[in-house]
Amino acid sequence: MTVQQTIRTQLPHVTTPPSPAPILELGMAFWGSKALLSAVELGVFTVLGQGPRTGRDLEAALGLAPRATFDFLDTLVSLGMLARDGAGEAARYGNTEATALYLDRNSPGYVGGILEMANARLYRFWGDLTEALKTGRPQNEIKHSGRPMFDELYADPARLEQFMAAMEGISRGNFIAFAERFDFSPYRTLVDIGGANGLLSSIVAAHHPHITARSCDLPVVRPIAERRIAARGLADRVTAEVVDFLTDELPQADVITMGMILHDWDLAHKKMLIAKAYRALPEGGALVAIENIIDDDRRRNVFGLLMSLNMLIEFGDAFDFTGADYAAWCREAGFRHVEVIPLGGPASAAVAYK
Ligand SMILES: C[S@@+](CC[C@H](N)C(=O)[O-])C[C@H]1O[C@@H](n2cnc3c(N)ncnc32)[C@H](O)[C@@H]1O
């Protein structure tokens, strides 16, 4: 008996039962996800950046055992992550337009840092989601140490660099869209709080020559930001500074940005950061939260909702939020007007004007 026939027998009131395929596809979606993450880890797209290769060539270049070479590569073809010309042993595999741009480590558009971190850290930590849901406790490196998340994460220099690359991968497109869509003409100065390697400050300064920007983060992050800002040739208008937003007041500026900062914290800390930004802005100044802002109805922004579960895994009490949530917190702090600017994809810039 087919699944459909069984359902018809057991649930006679259901005349045309829905297909179980979407349920099964979603349930097994981690197979495809892990195939992509392993491909990034192995450097498949970077090797193919030098030109198309046969399966056996790739097998040798990547150090694969022969058993699964074609299963692996053809899976990536079927997922739209590789192109293939021909069939069988003679077939040649190559990057698609998108994987050449975004997943070849030698491409300036590389966004694989977030996938490298997902592979090295999040994939395993998400295996304990059920425990997180039952306890409300984080499931990452701090699960047993109990140390503050960034102290633990940054204790290992390689993990610090990996996190910076991950942030660059997930945020670059959002920051470019923000620099293009937000009206910077009334403003001169920008302070980016939790600015990581200075990417937001650099992108805004590059798009708007009248803007001077300060990227503020923890002491261990500053040398990385200084290096990246100098490499982008923007050191005359972008500086990297140490500001601990938990203990320090925020530097004054016309625009204060926070890229994926508020979602790292519980409600009391979110409100504390918004209040600090209000104090540091002039009349007419703007606080901009660039986040995967969840739609007010909490139905459509799948990535934003999953990101909030990721904050459970990473921090426990941290969470993502809707535009309406943000507007309420900002009005409570004294801001007079809030707008949400979609940035394409799941992210938005939520702007509060003083
Ligand atoms: C999720 S990352 C976001 C990075 C970047 N804004 C983006 O959107 O890609 C959070 C950032 O907050 C920084 N951070 C964490 N605690 C901080 C603190 N107490 N003071 C300043 N920065 C902090 C981290 O170092 C990290 O760069």
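When a ligand or atom number is given, it counts from 1 through the structure's own listing order.
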Residue set satisfying salt bridge (charged side-chain N to carboxylate O under 4.0 Å, His left out) with Arg84, at least two apart, ordered chain then number -> Asp74
Validation: residues 342-354 side-chain donor-acceptor distances under 3.5 Å, sequence neighbours left out:
{"residue": "Tyr353", "atom": "OH", "partner": "Glu339", "partner atom": "OE2", "Å": "2.5"}
{"residue": "Lys354", "atom": "NZ", "partner": "Tyr278", "partner atom": "O", "Å": "2.8"}
{"residue": "Lys354", "atom": "NZ", "partner": "Leu281", "partner atom": "O", "Å": "2.8"}

Ion pair Lys276/Asp248, N-O distance below 4.0 Å
no
Give the protein residues with at least one non-hydrogen atom closer than 4.0 Å to an atom of ligand 1, ordered by chain and number.
Phe150, Tyr154, Phe163, Met164, Met167, Ser171, Phe175, Gly194, Ala196, Asp217, Leu218, Val221, Val243, Asp244, Phe245, Leu246, Gly259, Met260, Ile261, Asp264
By side-chain hydrogen bond (donor to acceptor under 3.5 Å, both in side chains), Glu25 pairs with (sequence neighbours left out) none
Using ring centroids (six-membered ring only for Trp), state whether Trp265 and Phe319 fall under 6.0 Å.
no
Within 6.0 angstrom of Asp85 CG, more than 12 heavy atoms from elsewhere
no
